S.K.: 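Attaching a single structure in structure tokens format; questions to follow.
Being a predicted model, the structure only gives us computed values, none of them experimental. Note on naming: letters A, B, ... go to the chains in the order of the sequence lines (proteins, then strands), and numbering restarts at 1 for each one.
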Amino acid sequence: MVSVASWNINSVRLRMPIVERFLTEQSVDVLCLQEIKCQEHQFPYEAFRKLGYEHFAIHGQKGYHGVATVSRIPLKEFSRHDWQDNGEARHVGVELTGPGQDMVIENVYVPAGGDVPDREVNTKFGQKLDFLERMTRWADAIDRPTLIVGDFNIAPLESDVWSHKQLLKVVSHTPLEVETLGKFRDAHGWTDIGREFIRDPDRYYSWWSYRSKDYRVGDRGRRLDHMWASPDLAKMATAHHVHEDARGWEKPSDHIPLVTEFDL
DNA sequence: ATGGTAGCTCGGCTA
């Protein structure tokens, strides 16, 4: 049995108290973090080692973005893709070398894409689409069982957002983004593990904005975080957990952790 | 129609 978690942590240094709480309570084998907002040398390695997590693949940068895969199972880092071609730290790929041997885990932080869903007036939106298209070309060539997790910054289904109608022109839920993410899915035949366990049209959110006093009011959430697996690997998934309570913890991230368990 | 909050770092960007 191998369990893998994904969590956009919005500064790993500031968030260590709730990371410790999560790891102590859930005891996952591998934790994939996005938005660590620090450089490799600033990463809180010791705090993780004390909890039994001694294997790391960190791709950081100063102040923004950054991803980290932390594990109590030995791993080997084997790739850092720059699908935006601008030097931002948004991906790290590892291969487990202990239990769950040969499993590949890709940890990705897709660009948010700015406010205006038009690449002519908003460069960031174009960069987001370009990132997804380069990732799609990469996925087309994958030839081993792979799990890709992270903050995709897209909520593809109507049941992934609090109001489909009100978010149709909001970056993260526009038809163009959903179509572009659909091409990525089709390039490898990914299985959306979250939706295998919480079927459409059931409500499933992983993010609530900080820009309201109480995230519970109106429940204006979106499912921006995902765990997608190669078809054969997806068949080995035995459970999926959405830790919504973490949004209400002390000094929370605006995203919550997702966990998938595999019988390998 | 607008502005609302958070983090990094100390002005302004990113989300």
S.K.: Would you kindly give the CD1-to-P distance between A/I9 and B/dT14, to the nearest whole Å?
M.R.: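 Whole-Å distance recorded here is 22 Å.
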S.K.: Over all strands shown, is A/R220 touching base, sugar-phosphate only, or nothing at heavy-atom distances under 4.0 angstrom?
M.R.: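 The answer is nothing, as A/R220 stays clear of every strand by at least 4.0 Å.
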S.K.: Search all heavy atoms of A/F262 against all heavy atoms of A/I193 and return the closest pair with its distance.
M.R.: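 In terms of heavy atoms, the two residues are closest at CZ-CD1, 3.8 Å.
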S.K.: Hey, does the side chain of A/R211 come within less than 4.0 Å of B/dA15's phosphate (OP1/OP2), counting only N and O?
M.R.: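 Checking A/R211 against B/dA15: no side-chain N or O falls below 4.0 Å of OP1 or OP2.
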S.K.: Rounded off to whole Å, could you give me the CG-to-P distance for the A/N122 and B/dA15 pair?
M.R.: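 Answer to the nearest Å: 11 Å.
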S.K.: Would you indicate what A/R222 reaches in the nucleic acid, counting non-hydrogen atoms under 4.0 angstrom: base, sugar-phosphate, or nothing?
M.R.: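 Touches nothing.
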S.K.: Tell me the interatomic distance from A/K128, atom NZ, to B/dA15, atom P, rounded to whole angstroms.
M.R.: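 These atoms are roughly 10 Å apart.
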S.K.: Mind checking the C1' distance from B/dA15 to B/dG3? Whole angstroms is fine.
M.R.: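 It comes out at 15 Å once rounded to the nearest Å.
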S.K.: From NZ of A/K169 over to P of B/dA1, roughly how many Å is that when rounded to an integer?
M.R.: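 Taking atom P of B/dA1 as the reference, NZ of A/K169 is at 11 Å.
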S.K.: Is the distance from OP1 or OP2 of B/dT14 to the nearest side-chain N or O of A/K124 less than 4.0 Å?
M.R.: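 Affirmative; the distance criterion is met.
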S.K.: Using a heavy-atom cut-off of under 4.0 Å over every strand shown, decide if A/Y215 touches base, sugar-phosphate, or nothing.
M.R.: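 Nothing, no heavy atom under 4.0 Å.
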S.K.: Rounding to a whole Å, what distance do you find between A/I36:CD1 and B/dA15:P?
M.R.: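 Spelled out: CD1 on A/I36 to P on B/dA15 is 15 Å.
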S.K.: Rounded to whole angstroms, how far apart are CD on A/E35 and P on B/dG7?
M.R.: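 My rounded result for the distance is 11 Å.
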S.K.: Drop me the distance from A/T174's OG1 to A/F125's CZ, to the nearest 0.5 angstrom.
M.R.: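 Going from the OG1 atom of A/T174 to the CZ atom of A/F125 covers 4.0 Å.
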S.K.: In whole angstroms, how far is the C1' atom of B/dC13 from the NZ atom of A/K37?
M.R.: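 It is 10 Å, rounded to the nearest whole Å.
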S.K.: Calculate the interatomic distance between A/D115 atom CG and B/dC13 atom P; express it in whole Å.
M.R.: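 About 13 Å, once rounded to whole Å.
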S.K.: Establish, with yes or no, whether the OP1 or OP2 oxygen of B/dC8 is under 4.0 angstrom from a side-chain nitrogen or oxygen of A/S11.
M.R.: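 Indeed, a polar side-chain atom of A/S11 lies that close.
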S.K.: At less than 3.5 Å, do the side-chain atoms of A/Y64 and the base atoms of B/dC8 form a donor-acceptor pair?
M.R.: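 Counting by modelled atom types and ignoring angles, no donor-acceptor contact under 3.5 Å is found here.
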S.K.: Return whichever of A/K62 or A/N153 has its heavy-atom-nearest nucleotide of DNA chain B closer to the 5' end.
M.R.: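 Nearest-nucleotide comparison on DNA chain B picks A/K62.
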S.K.: Between A/Y109 and A/H91, does the ring centre distance come in under 6.0 Å?
M.R.: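 A/Y109 vs A/H91: aromatic centres not under 6.0 Å.
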S.K.: Do A/E20 and A/K50 meet the salt-bridge criterion of a basic N to acidic O distance under 4.0 Å?
M.R.: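 Salt bridge flag = no for A/E20 with A/K50.
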S.K.: With respect to the phosphate group of B/dA15, does any side-chain polar atom (N or O) of A/H65 fall under 4.0 Å of OP1 or OP2?
M.R.: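 So the side-chain polar atoms of A/H65 do come within 4.0 Å of the phosphate oxygens OP1 or OP2 of B/dA15, strictly under.
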S.K.: Using heavy-atom distances to pick each residue's nearest nucleotide on DNA chain B, tell me which of A/K251 and A/D151 is more 5'.
M.R.: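 Counting from the 5' end, the first nearest nucleotide belongs to A/K251.
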S.K.: Among A/V4, A/V92, A/L33, whose side chain to side chain contact (heavy atoms under 4.5 Å, CB included) with A/T69 holds?
M.R.: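 Only match with A/T69 under side chain to side chain contact (heavy atoms under 4.5 Å, CB included): A/V92.
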S.K.: Say we look at B/dT14 and B/dA1: how far apart would their P atoms be, to the nearest angstrom?
M.R.: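 Nearest-Å result for B/dT14 against B/dA1 at atom P: 27 Å.
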